[in-house]
Amino acid sequence: MFITLEGPEGSGKSSHIPYLVEYLRERGHTVFPTREPGGTSIGEQVREILNNLKNTEMHPRTETLLFQAARAQFVEQVIKPRLAVGEIVISDRYADSTLAYQGYGHQQDLEKIRALINYATGGLLPDLTILLDVDVEIGLERKENGDEWNRLDAYTVEFHRRVRQGYLALAREEPQRWSIIDAGQAWDVVQEEMRRVIIARL
Ligand code: TYD
């Protein structure tokens, strides 16, 4: 089973993953947590180019392609082999991040981006995608006070608003795959809801 977590900046995805993994392992599942755009040595190198604040001249198409380059490696090297042996793979971000950020955020043609994603992933879709939805101002504030600030975080508030709206639109388009959780709630409540959604799909 392939589960992905998506959400705008500061939605808290990363903080939830270790607890989800522990919970599922206690229930006897073999779980493999990972993240995009990384999870492989090549992917981590691409991530460094993408996140580097010095790369201010990066064009949105360059950005889109770099994410797909990392993703192609990630799918082949990490996700497919794990799924093939029956593990639960939980990824912090996947292809929907490209639709939300490069598609809705940068306002690039969604159909072209879908074609690129399809090429990069060989058509591999998650079985379940959880959207941790959070108000953009709250999310960016959390991010400024917490995690490391990267090149993409520094895009305008309007960019991040489009990303959030993009996610909501994607979730509405495919309600059978997506589950939306209000990440503005208390952390424990969010964790509880995530566990419930995952268990219901297993
Ligand atoms: P990261 O530090 O992992 O942030 P977060 O904790 O919010 O996931 O940086 C990943 C950044 O890359 C984040 O700003 C979202 C962005 N991103 C895209 O724009 N497109 C993509 O396809 C992916 C995977 C990530």
Side-chain angles (χ1 to χ4, degrees), residues 2-18 20 33-40 42-56 58-75 77-79 89-110 112-121 124-126 129-167 170 183 187 190:
F2 181 27
I3 302 171
T4 59
L5 302 191
E6 295 284 353
E9 306 306 319
S11 57
K13 289 180 286 68
S14 321
S15 74
H16 283 284
I17 292 183
L20 289 176
T34 185
R35 69 167 186 181
E36 263 216 21
T40 66
I42 291 172
E44 292 293 347
Q45 292 171 64
V46 175
R47 178 195 181 90
E48 156 54 26
I49 302 172
L50 282 161
N51 283 357
N52 196 328
L53 288 163
K54 282 192 223 124
N55 289 334
T56 49
M58 192 179 297
H59 190 277
R61 289 205 302 276
T62 312
E63 193 176 288
T64 303
L65 290 166
L66 283 172
F67 277 116
Q68 304 328 298
R71 181 163 299 134
Q73 190 66 28
F74 179 63
V75 166
Q77 194 181 328
V78 179
I79 306 183
V89 175
I90 301 188
S91 182
D92 186 346
R93 298 196 183 279
Y94 182 60
D96 296 301
S97 283
T98 299
L99 288 165
Y101 282 78
Q102 283 66 52
Y104 286 92
H106 283 311
Q107 299 175 297
Q108 297 190 99
D109 186 307
L110 289 175
K112 284 187 181 140
I113 292 185
R114 282 186 207 277
L116 289 173
I117 290 173
N118 196 41
Y119 177 70
T121 62
L124 180 71
L125 277 174
T129 299
I130 298 178
L131 171 59
L132 291 189
D133 182 46
V134 71
D135 180 77
V136 170
E137 273 81 8
I138 295 175
L140 288 174
E141 199 181 297
R142 280 185 187 169
K143 189 96 196 204
E144 271 177 72
N145 296 330
D147 286 2
E148 211 178 295
W149 195 248
N150 67 46
R151 192 182 55 83
L152 287 121
D153 298 325
Y155 285 144
T156 63
V157 174
E158 287 68 38
F159 174 90
H160 291 288
R161 283 213 182 89
R162 289 195 296 274
V163 170
R164 182 188 181 198
Q165 291 311 319
Y167 271 131
L170 292 168
W187 190 93
V190 176

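Count residues from 1 along the sequence. Start at 1 and go down the list; that is how both ligands and their atoms are numbered.
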Enquirer: Can you tell me if Arg71 has a non-hydrogen atom under 4.0 Å from ligand 1?
Expert: yes
Enquirer: Is the shortest heavy-atom distance from the side chain of Asp133 to the side chain of Tyr167 under 4.5 Å?
Expert: no
Enquirer: Name the option, out of Asp92, Asp96, Thr98, that contains the heavy atom nearest to atom 22 (O) of ligand 1.
Expert: Thr98
Enquirer: Is the shortest side-chain heavy-atom distance between Glu44 and Arg35 below 4.5 Å?
Expert: yes
Enquirer: Please identify which atoms of ligand 1 are closer than 4.0 Å to at least one heavy atom of Tyr101.
Expert: 14 (O), 15 (C), 18 (C), 19 (O)
Enquirer: Heavy atom of Arg47 under 4.0 Å from ligand 1?
Expert: yes
Enquirer: Pick whichever of Gln68, His160, Lys143 has a heavy atom sitting closest to atom 6 (O) of ligand 1.
Expert: Lys143
Enquirer: Less than 4.5 Å apart, side chain to side chain, heavy atoms only: is that true for Phe2 and Leu125?
Expert: no
Enquirer: Parallel, tilted or perpendicular: which one describes the rings of His160 and Tyr101, with boundaries at 30° and 60°?
Expert: perpendicular
Enquirer: Is His16 close to Trp187 at the side-chain level, that is, under 4.5 Å between some pair of heavy atoms?
Expert: yes
Enquirer: Which part of Gln102 is near ligand 1, with near meaning a heavy atom under 4.0 Å away: side chain, backbone, both or neither?
Expert: side chain
Enquirer: Is Tyr94 close to Thr129 at the side-chain level, that is, under 4.5 Å between some pair of heavy atoms?
Expert: no
Enquirer: Does an N or O anywhere in Arg93 fall below 3.5 Å from an N or O of ligand 1?
Expert: yes
